[in-house]
Structure formats: C-alpha cells, structure tokens
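Below is one structure, written out as structure tokens, with a few remarks after it.
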There are 4 protein chains.
Amino acid sequence: MFLQIEFESDIPIYQQIKNQIIRGIALGELKLGEDLPSVRQLASDIGINFHTVNKVYNQLKQEGWVVIHRKSGVMINPDLNVYNNKQYIESLDELLKFTTAEAYLRGVTKEKFIELIEENYNKYF
Amino acid sequence: MFLQIEFESDIPIYQQIKNQIIRGIALGELKLGEDLPSVRQLASDIGINFHTVNKVYNQLKQEGWVVIHRKSGVMINPDLNVYNNKQYIESLDELLKFTTAEAYLRGVTKEKFIELIEENYNKYF
Amino acid sequence: MFLQIEFESDIPIYQQIKNQIIRGIALGELKLGEDLPSVRQLASDIGINFHTVNKVYNQLKQEGWVVIHRKSGVMINPDLNVYNNKQYIESLDELLKFTTAEAYLRGVTKEKFIELIEENYNKYF
Amino acid sequence: MFLQIEFESDIPIYQQIKNQIIRGIALGELKLGEDLPSVRQLASDIGINFHTVNKVYNQLKQEGWVVIHRKSGVMINPDLNVYNNKQYIESLDELLKFTTAEAYLRGVTKEKFIELIEENYNKYF
DNA sequence: GTGGTCTAGACCACG
DNA sequence: GTGGTCTAGACCACA
C-alpha cells in the first residue's frame, strides 16, 4: 500500500488516509472497482488501530467514494460519480479565498499559484 | 468591523478570525499600520470569549502580520513582510495536492479551478 | 429465477432473498404450492454461499411461508396462512412511526405516502 | 429526556436514538434550534457509552438534522431543510415494497395500512 | 474471513 | 465545560 502517514502532523490520521485515497483515485493509482485492504489489514499495515481505518472507510462510503461489497469487502466505487454539488463549490471557493490571500501576501504570484495547480491537474488521468 | 463568524462551522473561531484579517489585508480593506480593535472590544463585538481573540492576536504577531504595542494596542504590521519561506510553499503545495485531486474528481475542470484563482487574485491590491 | 441481489446494499443478502420471495408471493409471481429451487441450485444461480440460502429457507419455514419436504424440496406453503398476530402489528406500527416521521420531515406529504401504499397494494392479487 | 432504549432489541442503540430524535422533531417535541444534551450527558442519562451518542450526533449532523454550535454544543438544525432527494424516495419505495407485501399477506388490508399512516401523520405539526 | 457495534479510558483542541 | 481523536479489546452478524 502506498499510504504515508505523518504521525506528528496536526492533520488527523483518518483525514490523511482519506486525502491520500482520494488523491490515489485521481492519480489513477487506485482503479475504479479496485479492492481496498480490509479494515484490520490496513490498520495493521500502517500500525494504527482498526477503528481509525473503519472511520475512514465509513466516511468514504457516505461520501460515495467507495462501496462496501458484502462478499469482497471495500472497493473503490466502480460507478464513481461524486457530485459537484453547490455545497462543494462553495466550500472550495471559501477555502481558496483564504489560501490565495495568504499566498498573495507571502509573495506567491498569481502565475506561480496557477503553475502549482496545473502541475497537479496534469497528473490526473 | 467586517468580521463574520460562523459558529456552526468546522473551522475554529480563532482560525476564522485569522483568515478574515489576512484576507482583509490582501483586499486592502485593512491598511498597513491600521489599528485593530482591542482584545476586549473585538471579543464583545463578536460575542466570544476574549481569550479567543487574544490567541488570534498572538498568533498573528508571531507570524508577523501585526505588531503589538503595549500602549497603542494592535496594528497591522506597517512593514509587512511575511516571508515566502520554503516551509510555506511546501505546506501550500501539500494542501493543493488534495484539494485539486478532490476538485478534479468532482468535475471541477482545470480551467474552472484556475478561473477561481484568478477571480481571487484580481481582487488583491 | 427473478431474484435480484444487491451485493453493495446495507441489507443482508439473506434478508433480500426473503423479502423478494415474500413479495413474489404477494404479486402472484410465486403460486401457492409452487416449488422453489434447491438450496444448491439457488445458491449457484445467485453466486452465493449455500449456507446463506439454507438460512433463508429455514427462516421462511419457521415463519410459515414455505414447507420443506425431505424428498420434494421446498415449496411455497399451499395452505399459506401466516397470522396477523399482535406482535406483527406492533412491529409494523413501530416501523411506521419512524418511517413516516422521517418521510414527513423530508417533505413527503401524507397524500404522497398513501399513494405509494396504494400503488403497491394494487399490484397484489 | 424522552428517549426510551430497548437494550434487548436487534436494532442498534445508536439507530434507536436517531429514530427517536427524528420522530421527536416531527412530533414537535424537539423544537428547531433546541439544544440537545451534551454527548456525555445523554450517554450518562441513558446509561451507555459516550462514543455511541457521539456516533449518533455525527450522523445526524452529516444528514443535516442537527448542527454543532461551537459555543453551545449540539442543537436541532434551526434551518432544517432535509432534502427529499431522489435517493431517499427510492429507498422509501423499496422499503414499502416489502413492508406492504408482507402486511398484505398477513391480512393487513389496504385500508388498515392507510389508517396506520394517517394516525401517524396526524400527530405531526 | 469480513465489517458493525459497544464499552472503556486516554489525551487534545476549543472557547 | 464542549466535542474530536485515538487506542484497546470484546462480541456479534454475515457470508
């Protein structure tokens, strides 16, 4: 598994895992329909408690990223269709408001910022 | 004061205040050298504990956004020069990794994302 | 066989099968006295473990929906007479308490709800 | 608090609490904007672990029934607006398919069933 | 074997 | 005081 957890980070472990799984999908490292390790397996791989992984999987399920198949455990949702709803766009815009403001004041130019975005987007399949 | 606090947000109140002050500077709504309300004044305006405001001001000072004079209170740092250090760029890039991945999967195109960035940057002085 | 299993549903597979068999009887798709496939046959058709089918048949027998003959296999109870006992009515009422409450708050009017009931009942023989 | 938990039930405790809170809103026993007991308070009142209550509140928050106010804890969403989305109607219809089928075969007439619905709806504000 | 539920207790962030 | 996170270990339902 490609997960890399920073235990010292102030980002909760479960959030780090969520982030990396979602990014894994975008990068194509995780294929649609691909199985994820079992709750206890992943927990043991990372060296954390299985409840933490359970929380991740449940949130991912609730948000539509994965499905829990009764026979084969958890897999990336083969019909991934996470809606770009109004709420999401609003929260993204809110986040960018403050992120760009700080970046601007810290001397990150618009061009540099856009370059960072493009570098990321160009990696997605 | 132009602060707008969402008490039901997931973002801590002190963080909301910090965000809005920094954005206020970027937008030019807060001029360099401009006085900020006193801790107790601001706390009372927003209806929160003054310890929370205290925390905000101390963090802003620590990061170089404001200066605190014992007598004249808090003002936006007239020599604002918060450095675009390696650590900041790294954390920004880390944030964008996950933000762009989710946005991409939710159907926000690169062009749309960049448009959001430009809209924000164009408001800064 | 007309069974349609959703492996990603929150409802256990054995419950899905039970539900569909009972509904099949109500719709007249399964006649009283009609033979059901053998445990192994049905398990293989659906692609599940035969223990699961076994569980279904045993529960259906226990509740009086089917009869099991050692030789001729399982058939819909020709003298179907599952009693509308007090316990059942109570559990139905309990279920409707919460179902109607949520439906109401989600904007499903009484008329709409009743319409859904009637649509279903009108299909039964 | 008006909660009544059946520890012997096969319905999980957290689900029972959710059900009763939602019904409490529909009945008007819980007003919009009303505070709910704190996680630990409610847990102690019912005599269960606070994690169980925590799970309830988090799910209710996720589904929009309550908001978590940073100052005053958890309250019924004052702007309650839980959307009657396609997914919900589908799941309701699915539930009614099997519920009505069994009720019908157990001798509950359409009229009786509708009477049960009306009795419930007439209690809602 | 899988995930789901519940308990218990610890520590932390926030206000 | 509030909720949020993480650990640990138990028991259960399902397939």
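In what follows, every chain begins at residue 1, and chains take the letters A, B, ... in the order their sequences are listed.
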### Query
When you list every nucleotide of DNA chain F with an atom under 4.0 Å from a heavy atom of chain C, which one comes first 5' to 3', and which comes last?
F:dC14 to F:dA15
### Message
Go nucleotide by nucleotide along DNA chain F from the 5' end; which of C:Gln15 and D:Asn58 gets its closest nucleotide reached first?
### Response
D:Asn58
### Query
Are B:Tyr14 and E:dG15 close enough that a side-chain N or O sits under 4.0 Å from OP1 or OP2?
no
### Message
Quick check: do D:Tyr14 and D:Val53 have side-chain heavy atoms less than 4.5 Å from each other?
### Response
no
### Task
Output yes when a side-chain donor or acceptor of D:Gln16 lies under 3.5 Å from a complementary backbone atom of D:Ile11, and no otherwise.
yes
### 5′-ward residue of the pair C:Asp10/B:Pro12 relative to DNA chain E
C:Asp10
### Query
Is there side-chain contact between B:Leu60 and B:Ile22, with heavy atoms separated by less than 4.5 Å?
yes
### Query
Ignoring hydrogens and geometry, is there a side-chain-to-backbone donor-acceptor pair from B:Tyr88 to A:Ala103 under 3.5 Å?
yes
### Query
Quick one: does D:Phe50's side chain get under 4.5 Å of D:Gln41's, heavy atoms only?
no
### B:Gln59 CD to E:dG15 C1', straight-line distance once rounded to whole Å
14 Å
### Query
At under 4.0 Å between heavy atoms, what does C:Ile13 touch on the DNA or RNA strands: base, sugar-phosphate, or nothing?
sugar-phosphate
### Query
With nearest nucleotides of DNA chain E determined for B:Asn49 and D:Arg40 from heavy-atom distances, which residue corresponds to the more 5′ nucleotide?
D:Arg40
### Task
For A:Ile11 and for A:Lys71, find the nucleotide of DNA chain F with the closest heavy atom, then tell me which residue's nucleotide is more 5'.
A:Ile11
Just distance, no hydrogens or angles: give the donor-acceptor pairs under 3.5 Å from side chains in residues 64-76 of chain A, sequence neighbours left out.
from, atom 1, to, atom 2, distance (Å)
A:Trp65, NE1, A:Glu63, OE1, 3.2
A:Arg70, NH1, C:Ser9, O, 3.4
A:Arg70, NH1, C:Asp10, O, 3.1
A:Lys71, NZ, C:Gly47, O, 2.6

#### Entry: Secondary structure of DNA chain F in dot-bracket form (Watson-Crick or G-U wobble, distances below 3.5 Å, | marking inter-strand pairs)
||||||||||||||.
### Query
Judged by modelled atom types alone, do A:Gln62 and A:Asn58 share a side-chain donor-acceptor pair under 3.5 Å?
no
### Full working for side-chain contact (heavy atoms from CB on, under 4.5 Å) between C:Asn49 and C:Asn54
CA-CA 9 Å; C:Asn49 194 298; C:Asn54 225 342; over 6 Å; no
### Query
Hey, is the side chain of D:Arg70 poking within less than 4.0 Å of OP1 or OP2 on E:dC14, counting only N and O atoms?
no
### Task
Verify, without hydrogens or angle tests, whether B:Glu90 (side chain) and B:Gln87 (backbone) share a donor-acceptor contact under 3.5 angstrom.
no
